[in-house]
Visitor: 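There's a structure below that I have some questions on.
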Amino acid sequence: MTTFPANFLWGAATSAYQIEGSPLADGAGENIWHRFSHAPNNIADQSNGDVACDHYRRFRDDVHLMRELGIGAYRFSTSWARVLPEGVGRVNQAGLDFYSRLIDTLLENHIQPMLTLYHWDLPQALEDRGGWADPRSADWFAEYAQLMYRAFDDRVPLWCTINEPWVIVDQGYVEGRHAPGRRDWAEAAAVSKNLLCAHAAAVDAYRAVGKHAIGLVVNLVPIHPASDSDADRQAAQRLDAYLNRQFLDPVLLGEVPPELPQMFGADWPNWTADELRRIRQPIDFVGVNYYLRLRVCDDPKTGLARARAVTQPNCPYTAMGWEIYSQGLAEILLWIKERYGDVPQYITENGAAFDDISLPNGAVDDAPRVQYLKEHLVAARRAIEAGVNLRGYFAWSLLDNFEWQCGYSKRFGLVHVDFATQRRVPKSSARFYSNVIRTDGAALEDKTHA
Ligand code: IFM
């Protein structure tokens, strides 16, 4: 039986707006999620990130909790508007100091930091100047990235540029469910290109000052046709281009998937050979966020890709309505190796929301999440056996948190958070994961969680 490689990182992940709270404290500028969640009817439970997990004030306790669980790496994001309240220009030292304290506390507790520069909380001041739809956004992002590298590269060995650019484009600019809440295909096409240029500018800047590793984080989904018909197969291929290849093909192959200009039509921007060359510069790893598989049929009325998701009776789904399909994780990791070569990979997010039940004694026995983690870790190990250069696994999420447009109604945490008291209670899944870490994966063989 292959075990996990030596130095495999056993991590947990979060993001700034989802857990920190105090979004305007100590001189921070407003960000687009603050603006969006404070507008009526954008969030299912009308909530916002004003308090969230109060991590901004409780980060030391959260780090200690990770240490108790044996977690060896922590993926978090920094809030751009905390450190550059107007997005560029004036630096807010108090914001940098917060992240400096967090990083020091992690290192004191032998937890490796993985820092994501952008997890969806653009400074509102930049949104007011055109946001990601403005081509100047690449320069804005590079300025912010440089500031962070100079402040933290001495202590942060792993950097991620942008988290899930597809979600930014699709949910923020096509579907309008995420900040900034737009529904405009032309803008979405421009944002797609500008995010890639921003990623490349940040990698460029890293090569000038950084000494460690930098990569891009994408969410990937195996997309299977609902039937053998040509129409459904083509629908699956279109959605695959839109969702899975839109960002990886330009970054790792220097090509735009040919389906995209067809889908976006005249709205698709021109790309010069020079731009593609710049976007293709080497990265040190790909971060994969994996949650579900989609089965799709052809439907001319559904979205840009004209592909409609079909649910299947007798299949397990999470509380998000996402199909649980653990073998898809191995499928995706192998697909990256086959399509893009032997690039190092991290599973930068994987996890599930369930309707957890708290027992009268306060404990949370989340057996479905234990099962989910177990199956996915076994799939990750299978991918390693098949030759994937997988360097680490980050469970999403350390804490129950603000799940964007779902507010606090969906819980992904290994640790239960009582949002009224801020009490943290590790769920059974946290104990299970802790055992897996302690035994370097041998606990996956434990039949008590079969
Ligand atoms: O909560 C999100 C996270 O911010 C990005 N990846 C998916 C998670 C679950 O929806």
Side-chain angles (χ1 to χ4, degrees), residues 11-21 23 31-34 36-37 42-45 47-49 52-53 55 74-80 114-122 160-172 175 177-180 195 215-222 243-244 247 286-294 309 317-325 328-329 332 346-356 366 368-369 372-373 376 393-417 419 429:
T14 63
S15 89
Y17 192 74
Q18 292 181 273
I19 66 161
E20 285 179 358
N31 70 62
I32 56 173
W33 267 96
H34 183 267
F36 187 74
S37 59
N42 283 335
I43 311 297
D45 56 7
S47 64
N48 54 54
C53 305
H55 175 80
Y74 178 51
R75 173 173 177 249
F76 63 99
S77 75
T78 48
S79 161
W80 186 343
M114 177 188 259
L115 190 158
T116 301
L117 288 164
Y118 187 71
H119 199 124
W120 308 352
D121 45 359
L122 189 75
C160 308
T161 54
I162 296 177
N163 181 71
E164 300 183 1
W166 178 79
V167 174
I168 299 171
V169 168
D170 187 71
Q171 295 293 297
E175 301 293 341
R177 293 195 196 103
H178 280 192
L195 286 171
L216 174 69
V217 173
V218 285
N219 57 306
L220 297 175
V221 178
L243 208 165
N244 293 325
F247 294 93
V286 172
V288 177
N289 293 355
Y290 179 79
Y291 289 94
L292 72 154
R293 157 242 333 238
L294 284 172
Y317 289 88
T318 69
M320 298 294 282
W322 295 348
E323 185 187 342
I324 301 174
Y325 187 70
L329 176 57
I332 281 294
Y346 289 91
I347 297 166
T348 34
E349 288 182 25
N350 174 238
F354 292 107
D355 297 326
D356 297 332
D366 57 341
R369 188 172 291 101
Y372 182 101
L373 287 179
H376 285 77
Y393 174 93
F394 291 77
W396 184 271
S397 177
L398 175 67
L399 303 168
D400 290 337
N401 60 46
F402 178 74
E403 177 54 27
W404 309 114
Q405 76 273 29
C406 303
Y408 297 96
S409 66
K410 300 290 178 231
R411 292 177 177 268
F412 277 88
L414 300 174
V415 174
H416 176 86
V417 177
F419 292 106
S429 55

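Counting starts at 1 for both ligands and their atoms, following the listed order. Starting from 1, each residue takes its place in the sequence as its number. Just so it is clear, the structure is predicted and the values come from calculations on it, not from any experiment.
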Visitor: Would you please name every residue forming a side-chain contact (heavy atoms from CB on, under 4.5 Å) with Pro180, sequence neighbours left out?
Guide: Ile32, Glu127, Tyr173, Arg182

Visitor: Give, for atom CZ of Arg75 and atom OG of Ser15, the distance between the pair rounded to the nearest 0.5 Å.
Guide: 8.5 Å

Visitor: How would you list, by chain and number, the residues with a heavy atom under 4.0 angstrom from ligand 1?
Guide: Gln18, His119, Trp120, Asn163, Glu164, Tyr291, Trp322, Glu349, Trp396, Glu403, Trp404, Phe412

Visitor: Name the one of Asn350, Val217, Asn219, Leu220 that satisfies side chain to side chain contact (heavy atoms under 4.5 Å, CB included) with Val288?
Guide: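 The single option meeting the side chain to side chain contact (heavy atoms under 4.5 Å, CB included) with Val288 is Leu220.
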
Visitor: Could you check whether Tyr17 and Ser37, counting side-chain N and O atoms only, form a donor-acceptor pair closer than 3.5 Å?
Guide: yes

Visitor: State, without any angle test, whether Asp366 and Ser429 hold a side-chain donor-acceptor pair at a distance under 3.5 Å.
Guide: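 Side-chain D/A pair, Asp366 to Ser429: present.
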
Visitor: Give the intermediate values and the outcome of side chain to side chain contact (heavy atoms under 4.5 Å, CB included) for residues Phe247 and Ile162.
Guide: CA-CA 11 Å; Phe247 294 93; Ile162 296 177; over 6 Å; no

